[in-house]
Amino acid sequence: MNHILIVEDELKLARLQADYLQNAGFTTACLNNGLEVLPWLKANHTDLVLLDLMLPGCDGLNICREIRSFSTVPIIIITARIEEIDRLLGFELGADDYICKPFSPREMVARVKTVLRRVHTQTTAAPVISLKLDPHSFRVLTAEQEIELTTVEFQLLQALYQQPGRIFSRSKLMDLIYQDQRIVSDRTIDSHIKKLRKKLIYLLPDQELIHSVYGAGYRYDPQNRVD
């Protein structure tokens, strides 16, 4: 039975979340002050955190950053702040999903199940493939094939490959790839990703390694197959 930590200062909403999660078979704990979260997590086990952004004591984004300094526990951010910068910042700090208020409690339960299922698959499934990245020649190799990438393509793949499952926004990828601060557009990253995907299909025609996350960016996930 999975345990969910609810961090929400609106007590009626926290009780509603807890009721729906418990009816779905989860156990829950509730905190309503941001300063309580880190001590609680260091002293207790939980399988997922539902984290509100606007909290007394400490902002949810700062809490997310601090959690990621010592834990990989899945985090779903819940907030009324729907601006794109908040959403992208949440993913860059390590959030696994993002739900905007007002939301359906049934949708919340479905999102929790989806994130937990994805994490479980990543941690228990046998490796689907084995890639080797050669930074000296910008080659990517499997046991039977190899391809050569451009400098930018290799850097993009390396950034995503080193942190499977993490969502990288386009702006974050631009910062990682273009460290000389040149001005490039989101479409430049999209174009390089498109070319990179085509080359990876040559290596692994039945695997989709790089996935688009609508409104957020890209993530590397070797577990998904192309039907």
Side-chain angles (χ1 to χ4, degrees), residues 1-34 36-38 40-41 44-65 67-68 71-125 164-169 208 211-221 223-225 227:
M1 183 179 295
N2 291 116
H3 187 275
I4 312 299
L5 173 62
I6 300 167
V7 186
E8 171 61 65
D9 63 329
E10 296 181 37
L11 298 184
K12 289 184 178 180
L13 179 56
R15 285 196 293 268
L16 181 65
Q17 290 175 269
D19 287 344
Y20 271 81
L21 288 167
Q22 289 166 15
N23 288 336
F26 298 99
T27 60
T28 63
C30 296
L31 300 176
N32 59 23
N33 189 297
E36 300 173 343
V37 179
L38 298 181
W40 192 96
L41 285 174
N44 300 274
H45 169 78
T46 194
D47 296 290
L48 184 142
V49 179
L50 284 168
L51 178 63
D52 186 42
L53 284 192
M54 300 297 290
L55 294 166
C58 186
D59 181 85
L61 289 178
N62 287 325
I63 294 172
C64 189
R65 181 187 293 110
I67 291 174
R68 281 293 170 260
S71 174
T72 59
V73 62
I75 300 171
I76 298 179
I77 286 178
I78 297 180
T79 182
R81 288 160 55 178
I82 61 175
E83 294 85 355
E84 183 179 19
I85 186 62
D86 287 331
R87 176 157 45 86
L88 295 181
L89 184 57
F91 280 122
E92 288 186 12
L93 291 177
D96 295 86
D97 203 353
Y98 198 103
I99 303 174
C100 292
K101 297 178 180 177
F103 58 88
S104 161
R106 291 185 178 87
E107 178 193 0
M108 175 205 64
V109 172
R111 295 283 191 96
V112 167
K113 290 180 177 179
T114 297
V115 170
L116 288 173
R117 184 163 54 246
R118 184 171 69 233
V119 171
H120 178 74
T121 299
Q122 291 173 351
T123 57
T124 62
R166 175 182 173 181
I167 299 170
F168 286 82
S169 69
E208 184 178 359
H211 302 264
S212 301
V213 181
Y214 180 75
Y218 296 99
R219 63 180 169 84
Y220 177 87
D221 185 355
Q223 301 295 339
N224 289 304
R225 304 184 69 84
D227 296 329

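This is a predicted model, so every value here is computed, not measured.
- Side-chain contact check for L41 versus S71: every heavy-atom pair is 4.5 Å or farther apart.
- For the side-chain contact (heavy atoms from CB on, under 4.5 Å) with D52, the qualifying choice from D59, I6, D9, V7 is D9, the only one to do so.
- Of the possible donor and acceptor atoms, none in the side chain of S169 sits under 3.5 Å from a partner among the backbone N and O of G217.
- Contact of the K101 side chain with the E10 side chain is registered, since non-hydrogen atoms from C-beta on lie closer than 4.5 Å.
- Looking only at side-chain heavy atoms (C-beta outward), L61 and T79 stay at 4.5 Å or farther from each other.
- Between atom CD of residue E8 and atom CG of residue L53 there is a gap of 10.0 Å, rounded to the nearest 0.5 Å.
- The line from CD1 of I76 to CD1 of I4 is 8.0 Å long, rounded to the nearest 0.5 Å.
- Between C64 and G94, the shortest heavy-atom contact is SG-C, 4.3 Å.
- Listed by chain and number, the residues in a salt bridge (charged side-chain N to carboxylate O under 4.0 Å, His left out) with R166 amount to none (sequence neighbours excluded).
- Summarising the geometry, atom CG belonging to D47 is positioned 4.5 Å from atom CG belonging to N2; distances are rounded to the nearest 0.5 Å.
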Show me the side-chain donor-acceptor pairs of residues 107-114 shorter than 3.5 Å, one per line, residues at least two apart or across chains.
| unit_1 | atom_1 | unit_2 | atom_2 | d |
| --- | --- | --- | --- | --- |
| E107 | OE2 | R111 | NH2 | 2.9 |
| R111 | NH1 | D97 | OD1 | 3.2 |
| R111 | NH1 | D97 | OD2 | 3.3 |
| R111 | NH1 | Y98 | O | 3.0 |
| T114 | OG1 | A110 | O | 2.9 |

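- One finds a salt bridge joining R68 and D96 here, because a Lys/Arg side-chain nitrogen approaches an Asp/Glu carboxylate oxygen to under 4.0 Å.
- To the nearest 0.5 angstrom, I63 atom CD1 is 9.5 Å from I75 atom CD1.
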Please list every donor-acceptor pair under 3.5 Å in which a side-chain atom of residues 14-32 meets a protein atom from a residue at least two apart or in another chain.
| unit_1 | atom_1 | unit_2 | atom_2 | d |
| --- | --- | --- | --- | --- |
| Q22 | NE2 | T28 | OG1 | 2.8 |
| N23 | ND2 | D19 | O | 3.2 |

Q) Under the side chain to side chain contact (heavy atoms under 4.5 Å, CB included) criterion, do C58 and V37 qualify, and how do the steps go? A) CA-CA 9 Å; C58 186; V37 179; over 6 Å; no
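- Atom CG of L55 and atom CG of N33 lie 7.5 Å apart (nearest 0.5 Å).
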